[in-house]
Amino acid sequence: MSRYDPSVIEPQWQDAWEKAGAFTARRDPAKPKYYVLEMFPYPSGRIHMGHVRNYTMGDVVARTKLAQGYSVLHPMGWDAFGMPAENAAMERGGHPKDWTYGNIADMKAQMKPLGLSIDWSRELATCDAEYYGQQQAMFIDMMEAGLVYRKAAVVNWDPVDMTVLANEQVIDGKGWRSGAAVERRELTQWFFKISDYSEELLSALDGLTNWPEKVRLMQANWIGKSRGLQFGFQTVGAPEGLETLEVYTTRPDTMMGASFAAISPDHPLAKVLEADPKVAEFVALCRKGGTSAEEIETAEKIGYDTGIRVKHPLDPNWELPVWIANFILMDYGTGAIFGCPAHDQRDFDFATKYALPIKPVFTADGSDAALTEAFVPMKSEKVHYIRGFAGDKVQSGDEGVAAAIAHAEANGYGKGVTKFRLRDWGVSRQRYWGCPIPVIHCASCGVVPEDKKNLPIELPYDVTFDVPGNPLDRHPTWRDCTCPKCGAKARRETDTMDTFVDSSWYYARFTAPRATTPTVLEDAEYWMNVDQYIGGIEHAILHLLYSRFFARAMQKTGHLPAKAIEPFNALFTQGMVTHEIYKTTDDKGRPVYHLPEDVIRSESGATLKDGTAVEVIPSAKMSKSKKNVVDPMNIIASYGADTARWFVMSDSPPERDVEWTASGAEAAFKHLSRVWALSARIGEMPADHNGEGDEALAKATARAIDEVTKGIEGFAFNKAIAGLYGFANTISRANGSTGAMRHAIRTLAKLMSPMTPHLAEAVWAAQGGEGLCTTAPWPKADPALLVDDTVTLPIQINGKRRAEISVPKDMPTAEVEKIALADEAVVKFLAGQPVKKIIVVPGRIINVVV
RNA sequence: GCCCGAGUGGCGGAAUGGUAGACGCAGGGGAUUCAAAAUCCUCCGCCGCAAGGUUUGCGAGUUCGAGUCUCGCCUCGGGCACCA
């Protein structure tokens with residue numbers, strides 16, 4: 001054996017795996033199956049450290065399961081539709097399709113050298129017509145199943161470019177290219193009825209015991225089930241047909257603190273009132289800015305008094321003014337509220353601004369003093385009601401709400417209802433590079449699904465991006481078609497689907513990626529569910545919730561078996577890899593981002609290579625749009641894939657964010673070189689060498705097997721690696737017989753193989769291991785070797801560590817106490833004080849209380 | 001604004017409510033070398049010569065015992081439905 005040279009061994013072992021077909025997934029009824037999946041990448045063109053971290057984690061799991069005797073499915077694909085391809089076409093010319101497939105080829109070429117145990121025969125890209133054609137078929141099935149509909153919804157509208165903008169393209173309320181003030185505009189759009197499953201998606205979260213608690217909580221809050229009161233205000237002075245104003249409130253117990261009613265600018269009443277130019281002007285003002293929740297909720301609260309009044313349901317002589325307010329969302333509840341400034345901070349701010357009354361309904365102590373801010377205690381907390389009308393004087397908010405609902409139902413002015421915050425999923429995108437919605441608009445038949453035999457509806461290639469807007473809209477012939485129902489001339493839908501649709505079912509497609517139906521039930525039956533799904537925490541809500549919905553929709557339409565209703569048995573959310581962001585501004589004041597490799601960083605700041613000063617924004621999630629990505633190819637070129645893999649797994653716990661730094665790669669390489677040298681040294685030992693260390697080596701081996709196996713299975717890769725460092729050091733210092741040393745280093749190789757598979761193969765082969773290390777069975781620790789005969793017990797006096805004793809592991813408690821109290825140091829510290837209590841935690845600690 | 005996390009040496013981090021700082025990096029000292037790199041040995045939270053004291057963002061609390069549990073703050077990060 002010579003020097004450790006990964007550039008020689010890595011390609012060599014990758015070839016060996018390929019020849020052996022080691023990673024081809026096969027349906028084998030004799031074996032248990034294991035499906036491990038990492039969230040597939042967007043083909044930006046370069047892999048970054050986040051990818052390396054993500055795919056190495058999945059690979060460690062996949063390789064361990066393979067060794068443990070499972071039939072493993074570990075596929076890879078490309079989430080290939082989306083805006084960056086169109087942006088590239090606009091910025092640099094070229095075609096989104098060429099750009100995307102070029103990027104896929106580049107990224108695959110960068111991933112291959114990592115030595116991942118991927119079954120590449122199952123590769124797919126969502127922009128393959130083979131894939132999105134099946135998605136169109138499912139869209140049609142979902143239409144027939146009543147899971148798809150059209151309605152008006154607001155979008156960001158750029159009035160200069162005359163185009164719809166994504167939230168990301170709205171910066172400080174302005175269009176990113178035109179710089180024009182963005183408006184909210186209504187458009188008829190396609191929706192999936194995810195709200196049909198609100199209750200089901202919420203209650204099924206309880207069964208996802210192998211998901212992080214955090215993700216389940218985030219999803220539960222997102223779905224947002226609430227119990228409240230819906231009732232109608234009688235209006236005074238409202239236009240005809242609007243005699244009642246329906247409102248929903250989760251705090252009906254605060255009804256006596258009402259000081260106004262407020263409606264959304266998009267509320268039907270507001271629309272009627274828009275006939276008045278002053279109202280129209282105000283509503284137009286409300287529509288300024290983008291559609292994101294952040295923008296709407298942080299915008300200055302503005303209101304307009306309509307002059308209309310409503311009668312308070314508990315007192316017909318009490319009238320409240322009706323305002324139009326920009327912070328009321330039409331999407332939630334009924335789009336109308338009653339404002340109770342005393343117990344809602346937004347209402348408080350609004351009432352303060354417009355001099356509306358602020359009357360507390362309850363207080364902490366029963367006093368009735370003026371408030372300087374809204375009093376919003378936990379609903380579970382007991383408070384004193386001073387303007388209550390139902391239930392007890394002193395009760396919790398929850399009790400107050402329940403009593404108020406009961407009161408309303410008994411007196412017939414309202415009823416308790418359950419509402420969800422979850423809105424239906426708008427999937428229409430007015431863009432080219434996405435899956436065409438397979439629907440036809442016919443003058444006589446209306447909206448008609450395309451005939452399945454015409455699928456896939458492929459994107460036309462001959463499009464241009466020289467003007468803003470959707471190229472499909474202005475394509476001369478693509479839109480023209482015949483109605484599948486009546487045969488008349490008709491027009492194709494030009495909206496494409498949200499890319500979240502593409503990623504909501506790819507896990508199922510991987511079980512039969514070449515099928516001419518979306519899935520094949522026998523394959524789905526065998527491979528589903530995904531046993532371990534791994535991806536970024538940034539997908540905790542949308543992608544994972546949409547996927548859970550899609551699995552249900554696919555089951556309803558016959559594309560998945562019942563067992564796959566929750567598609568991901570276990571979820572691991574890895575932390576993000578973060579990096580600084582480098583920004584400059586172009587001549588129109590718009591931000592331009594720069595790759596770290598194009599920036600020269602110094603203590604004082606940063607510049608481009610031509611000397612232009614660059615603004616440094618603190619470390620944040622690596623993202624293509626911010627260009628704060630790092631190229632791992634440099635590390636692979638210098639140190640090899642095993643070093644890169646070892647390094648990304650070793651330092652940070654996998655669920656935590658890691659800030660990318662260059663230090664550590666060198667150290668990882670040094671350690672792998674040490675293992676290589678150790679193997680060479682053992683290889684040169686004479687066959688008949690005898691040492692005294694065999695028993696200690698056997699114990700260390702058992703402990704390493706135990707520690708590494710537990711580390712990998714518990715997703716604590718950093719701890720598994722700490723154990724491997726320790727084991728390598730132990731072997732290096734051990735004086736065992738040649739046979740024992742060889743056995744130990746073969747075990748080390750096997751235990752390292754999920755992280756550093758190439759080095760492991762080389763060591764395995766050199767030490768006489770049978771066959772490929774990759775397919776050799778995972779070692780088992782002999783339990784008898786894992787227990788020590790004596791234990792060291794620390795002795796605390798009043799909780800402070802003062803001494804320690806060594807005793808046989810199964811010594812009775814009474815005897816341990818006796819030895820502890822007789823200990824010299826303990827006697828000294830006690831100084832004759834009487835012992836009040838002595839606590840012995842067997843095998844752990846002794847605490848003496850005086 | 002709303003929802004969710006995280007905070008432990010110079011750094012990355014370890015610790016079923018039971019010896020805080022495993023393992024690694026950086027650093028100090030030494031061996032080897034003509035010299036250096038590499039390698040090996042050794043020390044390494046802070047204060048202190050030592051004995052000892054002190055230490056897990058800040059402040060309270062529960063407990064024989066709290067990094068871990070509870071409450072209140074501070075700081076940083078993620079998500080907010082058209083970024084993927």
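So you know, we letter chains A, B, ... as the sequences are listed, proteins then strands, and number each from 1. Because the structure is predicted, anything quoted here is derived from the model rather than measured. These numbers come from the heavy atoms of this one structure, side chains and all, not from hydrogens, waters or symmetry mates.
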Should A/S292 be listed as having a side-chain N or O under 4.0 Å from OP1 or OP2 of B/rC80?
no
Taking donor-acceptor contacts at under 3.5 Å, does the side chain of A/Q430 reach the base of B/rC82?
yes
Is A/K800 near enough to B/rU19 that one of its side-chain N or O atoms lies under 4.0 angstrom from OP1 or OP2?
no
B/rA84 phosphate, OP1 or OP2: any side-chain N/O from A/T499 under 4.0 angstrom?
yes
Whole-Å distance, A/K719 NZ to B/rG13 P, equals 14 Å
Specify the separation, in whole Å, of atom CG of A/N798 and atom P of B/rA66.
11 Å
The single option from A/W222, A/W425, A/F192 that satisfies ring-ring contact (aromatic ring centres under 6.0 Å, His included) with A/Y546 is A/W425
Between A/I845 and A/P794, the two heavy atoms sitting closest are CG1-O, 3.6 Å
Could you tell me whether the phosphate oxygens of B/rU19, OP1 or OP2, come under 4.0 Å of any side-chain nitrogen or oxygen in A/N847?
no
Show each protein N/O and nucleotides 1-3 of chain B N/O combination with a separation under 3.5 Å, one pair to a line.
{"unit_1": "B/rG1", "atom_1": "N3", "unit_2": "A/E297", "atom_2": "OE1", "d": "3.4"}
{"unit_1": "B/rC3", "atom_1": "O3'", "unit_2": "A/N221", "atom_2": "ND2", "d": "3.0"}
{"unit_1": "B/rC3", "atom_1": "O2'", "unit_2": "A/N221", "atom_2": "ND2", "d": "3.0"}

Is any side-chain N or O of A/R802 closer than 4.0 Å to OP1 or OP2 of B/rG53?
yes
Please work out which of the three classes, parallel, tilted or perpendicular, describes the rings of A/H543 and A/H539, given edges at 30° and 60°.
perpendicular
Step by step, work out the side chain to side chain contact (heavy atoms under 4.5 Å, CB included) result for A/R177 and A/N87.
CA-CA 11 Å; A/R177 285 178 203 285; A/N87 293 340; 3.3 Å; yes
Would A/R150 count as a cation-pi partner of A/W190, with NZ or CZ less than 6.0 Å from the six-membered ring centre and within 45° of the ring normal?
yes
OP1 or OP2 of B/rU16 versus the side-chain N and O atoms of A/R844: is any pair under 4.0 Å?
no
Given the structure, check if the side chain of A/E707 and the base of B/rC23 hold any donor-acceptor pair shorter than 3.5 Å.
no
When you check the phosphate oxygens OP1 and OP2 of B/rA81, does a side-chain N or O of A/R423 lie under 4.0 Å from one of them?
no
Considering heavy-atom distances to RNA chain B, does A/R421 or A/K828 have its closest nucleotide positioned more toward the 5' end?
A/K828
Under the 6.0 Å and 45° cation-pi test, does A/K419 pair with A/Y332?
no
Taking 4.0 angstrom as the limit, do A/R429 and A/D498 come out as a salt bridge?
yes
Give me, pair by pair, the N or O atoms of the protein and of nucleotides 28-31 of chain B that are less than 3.5 Å apart, along with how far apart they are.
none

A/Y131 and side chain to side chain contact (heavy atoms under 4.5 Å, CB included): which partner among A/W78, A/Y506, A/F81?
A/Y506
Upstream residue (5' side of RNA chain B) when A/K214 and A/L187 are each assigned their closest nucleotide
A/K214
Is the phosphate of B/rA14 approached by A/R656 (side-chain N or O, under 4.0 Å from OP1 or OP2)?
yes
Please confirm whether the shortest side-chain N or O distance from A/N167 to OP1 or OP2 of B/rA81 is below 4.0 Å.
yes
Using the purine O4'-C1'-N9-C4 or pyrimidine O4'-C1'-N1-C2 torsion, is B/rG78 syn (within 90° of 0) or anti?
anti
Using the criterion of both pairing distances under 3.5 Å for Watson-Crick and G-U wobble pairs, give all stems of 3 or more consecutive pairs involving RNA chain B.
B:1-7 with B:74-80, B:10-12 with B:23-25, B:27-31 with B:39-43, B:45-47 with B:52-54, B:57-61 with B:69-73
